[in-house]
J.: 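Take this structure first; my questions come after.
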Protein chains: 2
Amino acid sequence: MRVTIHDIARECGVNVSTVSRSLSGSYGVNDETRQKVLAAAKRLNYVPNRVARGLATGRSQSLALLISDVRNPFFAEVARGAEDAAFAADYDLILGNADLDRERQMRYFRSLVAKQVDGLIVNSVSGLSEEEVEELRAYRVPLVLLNRSEGVQSISSVSADNFQGGFLAGQHLIELGHRNIAHLTGPRQHGNLTERAKGFLKAVHQAGNSVHAVVIHGDQNQQGGYTMARKMLLSQPGVTAVFTANDAMAFGVIRALIENGKKIPDDLSLVGFDNVELASILQPPLTTVHQPKYEMGEAAVQILLRQIARPDSGPEHRLLGVQLVERESCRKA
Amino acid sequence: MRVTIHDIARECGVNVSTVSRSLSGSYGVNDETRQKVLAAAKRLNYVPNRVARGLATGRSQSLALLISDVRNPFFAEVARGAEDAAFAADYDLILGNADLDRERQMRYFRSLVAKQVDGLIVNSVSGLSEEEVEELRAYRVPLVLLNRSEGVQSISSVSADNFQGGFLAGQHLIELGHRNIAHLTGPRQHGNLTERAKGFLKAVHQAGNSVHAVVIHGDQNQQGGYTMARKMLLSQPGVTAVFTANDAMAFGVIRALIENGKKIPDDLSLVGFDNVELASILQPPLTTVHQPKYEMGEAAVQILLRQIARPDSGPEHRLLGVQLVERESCRKA
DNA sequence: GCGGTTGTTGCAAACGGTTGCAAGATAAGG
DNA sequence: CCTTATCTTGCAACCGTTTGCAACAACCGC
């Protein structure tokens, strides 16, 4: 059995409550006694039992991050940001990969609540039914969503400025002189991606009638980008520039172009979104919209910590800035 | 306050112990009573408090994964494998990024032990002092190392067959007819990478005197690969093939070659190690040695679960197979 | 010298479960 | 009908902390 405060108390000839107070540093214990206790704790190699502490205080000192998949570099970066912020505040982070499986997500929620996590960061909640969101809310655990969900004002969120990102991408291509631009994006109704498309279209409309834009929907991954690009090459031969709603799709576009013997940026300019590490390594390096992924993880934890400290404080929505990273996948039209 | 078993007991007019037994499914309770309890639990929306349970049973029902950095796709993949296996067994996974910082690693250990994690998967322990390893051992928490540490027989481990991987890479290049091969690797004394180098050299020696090999040490990342490649192009102009000890270094090599106007595989054949996702996306797709990353995570959790179930069972060392994935970065010499 | 502070410590009740043991009820066997 | 075995349930201790309250001593000012 491990050493407990009872052992220390016996060793020092004091009551456990004195030991507890000495260790947790709250005032009200004589300095001499405290030193004695501290020395004994060290000598006996005492490790406090956080579970017991958690039971007594109602705090588990852990947060959870529930995302689709850490293998997605975007989430890995978020996870690292969250983990660093949590570690700094002496919390630890439980990781859950829920894919986009509703059932799995709910199973996780229940398990995490049962474990008394002090706060929860969730990728997205958009797939959940009204009832499920209600159940979630009933748990009364501080919650922050990564990427704001439409219409869920009451839950804190951290998002990148997707609209602005889409706008920047569109503006950039237009400034380079492109007049026939395609936007490759995911399925309709996907909050984030929809925002990006809206921003993009704003830039297009601002440019007036001279610019022609087409939006193509498909799967929001490399394969989807590949498929859409192939289709586009056939149906839209006049396109000179492509903006994809994420980098993965851009990689698919690159593959399709290589297969068709076309070169970037000579035959087609390309702008991605996310700025995953790969984007800078690829040849040519991809121009893309940088999302502050690490910072999003950090911010989410900060909000959580604040909500834990002041449970009655309202929800907070943080919109983090994005920026266009110009590399070599675009050229003047 | 949340619903507890006491509430359910009151509701059903039975003792808490009966409720506990009904819920945890251990036999010894009348079926009718159990149904009544289950119904009440559901009706009241009861969520068991795992912290309390943990205190009583000494089990926290959570495992921890302590790695350098999730942003490294290798670890992200391992993490996902571990998480899936843990989830399936109704455990959850605490994630820790310790970089290679000893202090941070030790802080994590203590915190995790304090939290009564039931098992711990650790990236590497090689940087720790004797004393620290001893402290770790004293905690008596089931432990498995990702990548076996030299001379630490007493702690379970899961590793890829690095030696065999190095051998396969060397053999492949030799079979293609290369006679002047460079191996770019990390600092000396790095367990894994050393094994890879050894395997590579075995292939070289097996081929007899006709094959000339040079081993270059540097940083085990993209930048290191870049630097070493530049140096090599100057000092070893006769080299026709390169084997890097990981994919990241290979990406650095590619960058250096592009800068020098050289083409892969025409001017130089290249083999990496790891098979990160990026390797297949790059142009040209990289020939590399596949490490079963996901499976390593899974295996680590399985070992942990076994050790938790039978604490007196000895350590287990699992060596997972690797395979050469031939893509388009090599050609006949 | 006395009442009132202030500071230090101990006592004991939580926190929400689990579990060994005993008691009572019921059924089976002789 | 009594004994014994089997089921079902309750009681209470325990897991390792925290924390409100009371007790006590020392010190203060008057």
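Note on naming: letters A, B, ... go to the chains in the order of the sequence lines (proteins, then strands), and numbering restarts at 1 for each one. Being a predicted model, the structure only gives us computed values, none of them experimental.
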J.: Rounded to whole Å, how long is the line connecting atom CD1 of Ile8(A) with atom C1' of dT9(C)?
T.: 17 Å
J.: Take atom CD1 of Ile5(A) and atom P of dT18(D), then tell me their distance rounded to the nearest Å.
T.: 6 Å
J.: Looking at dG16(D), I'd like to know if its phosphate oxygens (OP1 or OP2) sit under 4.0 Å from a side-chain N or O belonging to Arg53(A).
T.: no
J.: Figure out the CZ/C1' separation between Arg34(A) and dT9(C), and round it to whole Å.
T.: 13 Å
J.: Return the value, rounded to whole Å, for the distance between atom CG of Asn30(A) and atom P of dT9(C).
T.: 5 Å
J.: Check the distance between dT18(D)'s P and Arg50(A)'s CZ and give it to me in whole angstrom.
T.: 11 Å
J.: Are Arg59(B) and Tyr91(B) in a cation-pi setup, meaning NZ or CZ lies under 6.0 angstrom from the ring centre and within 45 degrees of the ring axis?
T.: no
J.: Among the nucleotides dG16(C), dT19(C), dT9(C), which one has an atom lying closest to any side-chain atom of Ser20(B)?
T.: dT19(C)
J.: Taking atom CZ of Arg71(A) as the centre, does the number of heavy atoms from other residues, nucleotides or ligands within less than 6.0 Å exceed 12?
T.: yes
J.: Taking 4.0 Å as the cut-off, does a side-chain nitrogen or oxygen of Asn49(B) come that near to OP1 or OP2 on dG17(C)?
T.: no
J.: Looking at Ala82(B) and Leu93(B), what are the two nearest heavy atoms and their distance?
T.: CB-CD1, 4.1 Å
J.: What is the distance, to the nearest angstrom, from the CZ atom on Arg21(B) to the P atom on dC21(C)?
T.: 13 Å
J.: Please tell me which of the listed nucleotides, dG16(D), dG16(C), dG20(C), lies nearest to the side chain of Ala56(A)?
T.: dG16(D)
J.: Under the 3.5 Å rule, do the base of dC15(C) and the side chain of Thr57(A) count as making a donor-acceptor pair?
T.: no
J.: Distance criterion of 3.5 Å, no angle test: do you see the side chain of Arg2(A) paired donor-to-acceptor with the base of dG16(D)?
T.: no
J.: Identify whether any heavy atom of Val51(B) sits under 4.0 Å from a base atom; if not, whether one sits that close to sugar-phosphate; answer base, sugar-phosphate or nothing.
T.: nothing
J.: Using only modelled atom types and a 3.5 angstrom limit, is any donor from either the side chain of Ser17(A) or the base of dC11(C) paired with an acceptor on the other?
T.: yes
J.: Return the value, rounded to whole Å, for the distance between atom CZ of Arg10(B) and atom P of dG17(C).
T.: 12 Å
J.: Indicate the atoms forming the closest heavy-atom contact of Met296(B) with Ala160(B), along with that distance.
T.: CE-N, 3.8 Å
J.: Quick check: on DNA chain C, is the nucleotide nearest Asn15(B) upstream (toward 5') of the one nearest Ala52(B), or the reverse? Name the residue that is more 5'.
T.: Ala52(B)
J.: When you measure from the side chain of His6(A), which nucleotide among dG10(C), dG16(D), dT8(C) comes out closest?
T.: dG16(D)
J.: OP1, OP2 of dT9(D) versus side-chain N and O of Thr18(B): anything below 4.0 Å?
T.: no
J.: Would you kindly give the CG-to-P distance between Leu23(A) and dT9(C), to the nearest whole Å?
T.: 14 Å
J.: Cation over ring, Arg80(B) on Tyr294(B), under 6.0 Å and within 45°?
T.: no
